[in-house]
Amino acid sequence: MEPRAVVGNAVLLVLLLVCAGTGLCRGDTWSSPLEVADGLAGHGDLSVVVREWRLPRVVAACLFGALLGCAGAVFQNLTRNELGSPDVIGLDVGSYTGALIVMVVVGGSTTPTALGSVVGGLLTAGVVLTLSTRSGFGGHRLIVIGIAVNAMLTAVNSWIILRAELDVAIAAEMWNVGSLNGVGWSDLNVAFVAAAILAVLLVPNARATQQAALGDAIAVTSGVRLNRHRVSAVVAGAGCTATVTAITGPIAFVALAAPHLGRAVTRSPGIHFVPAALTGAVLLTSADLVAQSLLAPVTLPVGVVTTAIGGTYLLLLLLKEVKRP
């Protein structure tokens, strides 16, 4: 790893620690770092608040932001396009569709809804990948097909909500916003297991991902089995997105922005997983701080903040794509 990349990753890590520390101090009222340290050690009046309420939320923001950053890196390397992201190609919406079907058919219990979300995201990824490889794989084709699938699933979701009972429809709409409110250690235990499984897919394929991003010819001559790599990459990227969506609901635009910003900070020539994961964690923890502080004491869902900021970022990317010769 080049020295500038090491420095960039160190800067991102420091920013993440600052955001995480600030998140531990943020609650209904601000607490001093000393009070938070005592609470983490199990002493003082804030022990339960810090260890059982604030710490799980901060850990969730770090973990889920990292997973979304990795998902964005996977699809942007795969498509070789800055617009390649789970948000754009419909994986978030597919996960929401799976969760909606479970909510309407089975009920609103947490475990079936989470499983439905994961299955919906993976099935959507399978459909998009299959359609985009029918006449030879193309990154641009995958994005266009993903946008079309996104639009169709959005219409399906709207129909399901309109046909659902009122209480189910309200619960589904609230879940669709994307929120870290109420995330606890039990949710994180499941997320850590899923993250460990996904790491087994991502880490061994890191080199193949970088080679494939340089072009099919270079990847093949360096020993990459492109078809197998694409399938494993899509499964890993969809799994990262579906894991987050299953617990928090869809959180938009973190996966889109994190790889770009990580590359800008590290000044690396390609899109790498480590800076993308660190940047995703920084983005989500800082967005959650804004969500808690903007209308305090009312806490906004973090998805509202990421959508507001990310929508502007997406518009800038689209303008950049239009201006390219």
Side-chain angles (χ1 to χ4, degrees), residues 65-95 121-122 124-134 136-151 153 198 201-202 205-206 208-216 218-219 224 226-227 229-242 244-245 250-264 268-277 279-280 283 306-307 310-311 313-324:
L67 287 173
L68 291 174
C70 287
V74 165
F75 285 104
Q76 286 176 23
N77 275 312
L78 190 65
T79 60
R80 302 169 207 157
N81 193 307
E82 293 182 340
L83 294 176
S85 168
D87 320 289
V88 176
I89 64 176
L91 301 192
D92 285 359
V93 178
S95 295
L122 292 176
T124 304
V127 170
V128 172
L129 181 63
T130 300
L131 293 176
S132 63
T133 55
R134 292 186 65 180
F137 180 82
H140 181 71
R141 185 183 302 113
L142 186 145
I143 292 175
V144 172
I145 290 173
I147 291 173
V149 171
N150 191 334
L153 288 177
L198 292 167
L201 288 174
L202 288 172
N205 284 325
T209 299
Q210 297 301 318
Q211 295 298 111
L214 298 174
D216 291 355
I218 295 176
V224 177
L226 283 176
N227 290 333
H229 165 69
R230 285 167 183 157
V231 171
S232 63
V234 168
V235 170
C240 289
T241 303
V244 177
T245 305
I251 296 178
F253 294 113
V254 173
L256 177 69
H260 305 157
L261 298 178
R263 180 173 58 183
S268 55
I271 297 175
H272 300 276
F273 289 128
V274 173
T279 305
L283 288 175
T306 61
T307 300
Y313 189 79
L314 177 60
L315 179 61
L316 294 175
L317 282 181
L318 290 172
L319 291 174
K320 181 180 177 182
E321 287 288 323
V322 169
K323 291 180 180 178
R324 280 184 177 179

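Side chains included, hydrogens not; waters and symmetry mates left out as well; all remaining heavy atoms used.
Atom-to-atom distance recorded for Thr79:OG1 and Ile143:CD1 is 4.0 Å, nearest 0.5 angstrom. Here the CG-CD1 distance, from Asn150 to Ile89, works out to 9.5 Å after rounding to the nearest 0.5 Å.
Partner of Ile251 under the side chain to side chain contact (heavy atoms under 4.5 Å, CB included) criterion, chosen from Leu283, Asp87, Thr245, Leu68: Leu68.
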Test Val93 against Thr124 for side chain to side chain contact (heavy atoms under 4.5 Å, CB included), laying out the working first. CA-CA 9 Å; Val93 178; Thr124 304; over 6 Å; no
Trace of the side chain to side chain contact (heavy atoms under 4.5 Å, CB included) decision for Cys240 with Val74: CA-CA 10 Å; Cys240 289; Val74 165; over 6 Å; no
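The two residues Pro86 and Ala71 have their closest heavy-atom pair at CG-CB, 3.8 Å. Across Leu256 and Gln76, no two heavy atoms sit closer than the pair O-NE2, 3.1 Å. The two residues Arg141 and Leu131 make their nearest non-hydrogen contact at CD-O, 4.4 Å. Considering every non-hydrogen atom in both Ala236 and Leu201, the closest pair reads CB-CB, 4.0 Å. Considering every non-hydrogen atom in both Val234 and Ala125, the closest pair reads CG1-CB, 3.5 Å. Scanning all heavy atoms of the two residues, the minimum distance from Val254 to Gly65 falls at CG1-O, 4.3 Å.
Remark: the backbone N or O of Ala73 is paired with a side-chain donor or acceptor of Asn77 at under 3.5 angstrom. For Asp92 (side chain) and Thr241 (main-chain N/O), no donor-acceptor pair under 3.5 Å exists by modelled atom type.
By the side chain to side chain donor-acceptor pair (under 3.5 Å) test, Ser232 is found to be paired with Asn205, residues two or more places apart in sequence or in another chain being considered. In this structure Thr306 satisfies the side chain to side chain donor-acceptor pair (under 3.5 Å) test with no other residue, sequence neighbours excluded.
Between Val88 and Phe75 there is no side-chain heavy-atom pair separated by less than 4.5 Å.
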